[in-house]
Amino acid sequence: MDMENFSNMQLDAMREVGNIGAGNAATALSVMLSRLVDMDVPKAELVSIYELAEYYGDPLKPVSAVFVRSEGEFTCSLIFFQDEEDAQSLVDLLISQQMAGMALDDIPPEMRDSALTEVGNIILSSFLNAINVLMGGTHSISVPGVAHDMMGSILQVIASIFGQTGEYALIVDTTLKVGDIEKNVSGKVVMLPDPGSLEILFRKLQVL
Amino acid sequence: MEKAHHVGMADLIVVSSPEMLMTLGLGSCIGLVLYDQTAKVAGMVHIMLPDSRGAGAKAAEKPGKFADTAVPALINAVCAKGALRTRLKAKLAGGSQMFALPGAETDFLAVGSRNAKETVDLLKKTGIPLVNSDVGGNKGRTVEFSTVTWMLTVKVLGKGKTEI
């Protein structure tokens, strides 16, 4: 697969994959929080790996990220990341929803982290379930990994996935926003297909 | 404050004293500095991956990307600016593993430790002394190298600064 030359139709197909996956992810988050969850129009872009660190803004910005791998016929990496502040607000929302009556200050940090990992895991699994239906076949999902760090450091994971074989990364992303609240809580779902498995995906979608 | 040059992914930059070198948010990548205090020259390279096998002709365009092409390229670049190879010293930081997924096939997530090992091994072969290093772990690092104090300042989110 030539990572520098995708047809418009192929990029459109990737956007549609993002749309279907993120739609399912938004529904899962909405059910979990009993709130409206909005999503942006998905993007599918080829990004130079050398410019990745600044792709989402300030590389020093603290973010929280949940990462999973999907294995099977079509392999990919999935990341759910948020500004650290938004991540903490999301945990507050979840805890007040699921454990009503518990004072937020009484929740130990390990438990907050665990809640955050689980939200990310459910969002990413839901995304992947939709892809499974679309592709047919089954794909297993790894246990989630979580990191709280600088955006630039997190994005280097993406650079190392695509860097071995080329200079460009294919990034499919969508922003999810939790509605009905004063504070702005949003997060990005990012899908990164392995370069080697794109052909399988495109063939299934009949755009190759 | 002296002028600071930002060394982006796969970049290689050489400066003279008193200018500074810096890299923001190193994760699995390596920031390698070679310097000659007498000639007052230092260079930094931002290494992304351990080896260029499989990259073909592309590797020559961005020698900073792979450890095996970055180390010789950095030696040449600092020497071209007046450093003497026998006086060169090295410092490096980075090579962390941001995510760990138990049970999954995730060799690529451990690329940080392979980056660090490969770079250190290559330095050994060249005979350039590695004065100090801060590698591994699971946290990102921001590094700054001063060509006045010849110290590498490493900042980790939530843990403050250390000088090596």
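Below, chains carry the letters A, B, ... as their sequence lines are ordered, and counting in each starts from 1. FYI, side chains are in, hydrogens and waters are out, and symmetry mates aren't considered; it's all heavy atoms of this structure.
- Neither the backbone nor the side chain of D11(B) comes within contact range of chain A; no heavy atom of the residue lies under 4.5 Å from a heavy atom of that chain.
- Heavy-atom distances place the backbone of N138(B), and not its side chain, under 4.5 Å from chain A.
- Side-chain N or O atoms of S96(B) include one that pairs as donor or acceptor with a backbone N or O of K139(B) at under 3.5 Å.
- Contacts with chain A (heavy atom to heavy atom, under 4.5 Å) involve these residues of residues 155-164 of chain B, listed by number: K155(B), L157(B).
- Looking only at distances, a side-chain donor or acceptor of Q156(A) sits under 3.5 Å from a matching main-chain atom of C29(B).
- A donor-acceptor pair under 3.5 Å links the side-chain atoms of D86(A) to the main chain of S186(A), judged by distance alone.
- Although no hydrogens or angles enter the test, the distance criterion places a donor-acceptor pair under 3.5 Å between the side chain of S153(A) and the main chain of G25(B).
- What you find for V207(A) and Q10(A) is that their closest heavy atoms are O-NE2, 3.1 Å.
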Next on the checklist: Y35(B) vs F145(B), test: ring pair (Phe, Tyr, Trp, His ring centres under 6.0 Å). Steps then yes/no.
Outcome noted: CA-CA 10 Å; Y35(B) 59 100; F145(B) 187 74; 5.2 Å; yes
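- Chosen from S140(A), G145(A), P144(A), the residue pairing most often with chain B at heavy-atom distances under 4.5 Å is G145(A).
- Judged by distance alone, the side chain of Q82(A) and the main-chain N or O of E84(A) form no donor-acceptor pair under 3.5 Å.
- Between the R141(B) side chain and the D134(B) main chain, a donor and an acceptor come within less than 3.5 Å of each other.
- Side chain of K65(B) to main chain of M9(B): no donor-acceptor pair is present (N/O by atom type, distance under 3.5 Å, no hydrogens or angles).
- The choice from I141(A), V68(A), I161(A) that makes the most heavy-atom pairs within less than 4.5 Å of chain B is I161(A).
- Using a 4.5 Å cut-off between heavy atoms, I49(A) contacts chain B through both its backbone and its side chain.
- The two atoms that bring T174(A) and A22(A) nearest to each other are OG1-CB, 3.5 Å, heavy atoms only.
- Minimum interatomic distance between S89(A) and V185(A) (heavy atoms only, all atoms of both residues): CB-CG2, 3.6 Å.
- In terms of modelled atom types and a separation under 3.5 Å, the side chain of S146(B) and the main chain of V148(B) share a donor-acceptor contact.
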Tabulate below the donor-acceptor pairs under 3.5 Å that side-chain atoms of residues 120-135 of chain A make, not counting sequence neighbours, or state none.
from, atom 1, to, atom 2, distance (Å)
S125(A), OG, N121(A), O, 2.6
S126(A), OG, I122(A), O, 2.6
N132(A), OD1, H139(A), N, 3.4
N132(A), OD1, H139(A), ND1, 2.4

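- Between the side chains of D194(A) and T75(A), at least one donor N or O lies within less than 3.5 Å of an accepting N or O.
- Close approach to chain B, defined as a heavy atom under 4.5 Å from one of its heavy atoms, is seen in Y50(A), L52(A), A53(A), E54(A), P59(A), L60(A), P62(A) of residues 50-63 of chain A, taken by number.
- With T69(B) contributing its side chain and P63(B) its backbone, the two residues share a donor-acceptor pair below 3.5 Å.
- Contact residues of residues 37-45 of chain B toward chain A are absent (heavy-atom distance under 4.5 Å).
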